[in-house]
Amino acid sequence: GSDLPLAVGSRWIMKAKQFSQEFRLASGDQNALRWLVGGIYFSGKNFQDFGYQDLGYNDPGPTAPFDQFNFFSQGVSKTQSWAPFAQVDYDLSKTSVGLPLTLTLGLRYTHDKKYGFNSLDYQLPQVCGGSCGITAGPFSKTWSQTTGKVGASYQVDDKNMLFASVSSGYLAGGNIIGLANIYDPETLVSVDAGWKSRFLDDRLQLNIAAYHEEIKHLQVFIQSSTQSGINNVNGTTKVNGLEVEFTALPTPTLRLNGTL
């Protein structure tokens, strides 16, 4: 063994500010048609000054000169985002049809802007004699996306409900402060269906749902000696899953929860 340190963290300073505001206006639930409209605004500012030194002792082989490196990054990233949204639900049980079926339609438009300044000083002391070059400069990127949901729920009785929906989602792109790489948004289409139920005088609740997701340009973090940061996966990532959730009240003072 040895007491020699493998790496040294020289500094890490982080400062963050953010503000968000959301408003909603909704109808009452006494009519068959229920609606909700609203909007959300978000702004944020993040500063980071980060330093890391790898002393290269973990690899004494021929690549050792490249394993000793210094990594110094800093920068500011600002975010502005706003999104109006709306949803309508139509309950056929409150109409002359009398069918215990509720139809749902939702829409959302999201606009994101991320901008700031990055600086990265990557050093290989035994190869470059110090800094191998400083990458620095401003960045600015804007994205927008419309997403939505179509769904239905059927109230079999007062203890059982079936539901299904198709929805789309969006996750904005961005960057890791100090790194020049700007990654793109990822988008999602999800199909799910399930059953919600209650038993034993409502002392047992069981929910089961199956889903299928297709994610385009999935955002993943990659760590390597030549490239680190969040990047997008080319193509489509498919995910299938099953969720089971239960809540049980065996006694008035004991509650059990479980998920799978």
Side-chain angles (χ1 to χ4, degrees), residues 12 14 16 18 20 22 39-48 50 52 71 73 75-87 104-120 122 135 137-151 163-194 207-245 259-260:
W12 195 353
M14 301 179 67
Q18 68 178 40
S20 64
E22 180 177 351
I40 185 169
Y41 172 79
F42 174 87
S43 66
K45 178 181 179 181
N46 295 281
F47 167 82
Q48 179 172 277
F50 176 76
Y52 175 85
F71 182 97
S73 67
V76 175
S77 179
K78 299 179 181 179
T79 300
Q80 289 184 343
S81 177
W82 52 269
F85 55 84
Q87 179 172 307
T104 299
L105 173 65
L107 285 174
R108 173 179 175 136
Y109 175 82
T110 304
H111 179 88
D112 291 299
K113 180 180 180 180
K114 296 192 177 183
Y115 60 100
F117 185 89
N118 287 320
S119 176
L120 172 62
Y122 188 77
T135 303
F139 69 91
S140 180
K141 198 79 171 180
T142 301
W143 305 277
S144 60
Q145 184 76 24
T146 299
T147 55
K149 175 182 179 179
V150 177
F163 66 91
S165 69
V166 179
S167 58
S168 59
Y170 155 83
L171 181 60
N175 77 307
I176 295 179
I177 294 177
L179 304 183
N181 178 53
I182 307 296
Y183 56 88
D184 292 324
E186 68 176 41
T187 57
L188 163 75
V189 174
S190 176
V191 180
D192 71 317
N207 300 328
I208 301 175
Y211 61 89
H212 171 75
E213 298 178 347
E214 295 192 1
I215 307 169
K216 291 185 177 180
H217 310 299
L218 177 69
Q219 298 171 0
V220 296
F221 182 81
I222 297 176
Q223 176 84 49
S224 70
S225 59
T226 58
Q227 182 185 39
S228 296
I230 296 178
N231 294 269
N232 296 96
V233 176
N234 293 329
T236 302
T237 303
K238 298 182 180 181
V239 180
N240 297 305
L242 178 68
E243 295 181 348
V244 180
E245 177 184 27
T259 57
L260 175 63

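Just so it is clear, the values below take in all heavy atoms, side chains as well, and ignore hydrogens, waters and symmetry mates.
Of the possible polar contacts, one joining the Lys114 side chain to the Gly173 backbone as a donor-acceptor pair under 3.5 Å is found. A side-chain donor-acceptor contact under 3.5 Å links Asn181 to the backbone of Ile230. Proximity of a side-chain donor or acceptor of Ser190 to a complementary backbone N or O of Glu213 within less than 3.5 Å is not detected. Asn118 places a side-chain N or O within donor-acceptor distance of the main-chain N or O of Leu179, the cut-off being under 3.5 Å. Looking at Glu186, its side chain does come within 3.5 Å of a backbone N or O of Gln219 through a donor-acceptor pair.
Contact check for Thr104 versus Gln87: side-chain heavy atoms found under the 4.5 Å cut-off. Looking at His111 and Thr142, their side chains come closer than 4.5 Å, going by heavy atoms from C-beta outward. Put simply, the side chain of Pro185 does not reach to within 4.5 Å of the side chain of His217, judged on heavy atoms.
To the nearest 0.5 Å, the span separating CG on Leu218 from CG on Asn234 amounts to 11.0 Å. Atoms CH2 and CG, on Trp143 and Asp184 in that order, are 7.0 Å from each other to the nearest 0.5 Å. A distance of 9.0 Å separates NZ in Lys45 from OH in Tyr115, rounded to the nearest 0.5 Å. With rounding to the nearest 0.5 angstrom, the OG1 atom of Thr147 is 9.5 Å from the OH atom of Tyr170. Here the CZ atom belonging to Phe50 is positioned 6.5 Å from the CZ atom belonging to Phe71, to the nearest 0.5 angstrom. Separating the OG1 atom in Thr110 from the CZ atom in Phe85 is a distance of 10.0 Å, to the nearest 0.5 Å.
Heavy-atom minimum distance, Ser77 versus Asn175: OG-OD1, 3.6 Å. Residues Tyr183 and Ala172 share a closest heavy-atom pair of CE1-O, 4.2 Å. Annotation for Ser73 and Gly178: closest pair CB-CA, 3.9 Å, computed over non-hydrogen atoms.
Seen from the ring of Phe139, Lys141 does not count as a face-on cation partner, given the 6.0 Å and 45° thresholds.
Residues that satisfy the ring pair (Phe, Tyr, Trp, His ring centres under 6.0 Å) test with Tyr109, not counting sequence neighbours, are Trp82. For Phe47, the ring pair (Phe, Tyr, Trp, His ring centres under 6.0 Å) criterion is met by no residue, not counting sequence neighbours.
For Asn240, the CG atom is densely surrounded, since the number of other residues' heavy atoms within 6.0 Å is greater than 12.
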Run the numbers on Phe42 and Asp112 for side chain to side chain contact (heavy atoms under 4.5 Å, CB included), then give the verdict. CA-CA 9 Å; Phe42 174 87; Asp112 291 299; over 6 Å; no
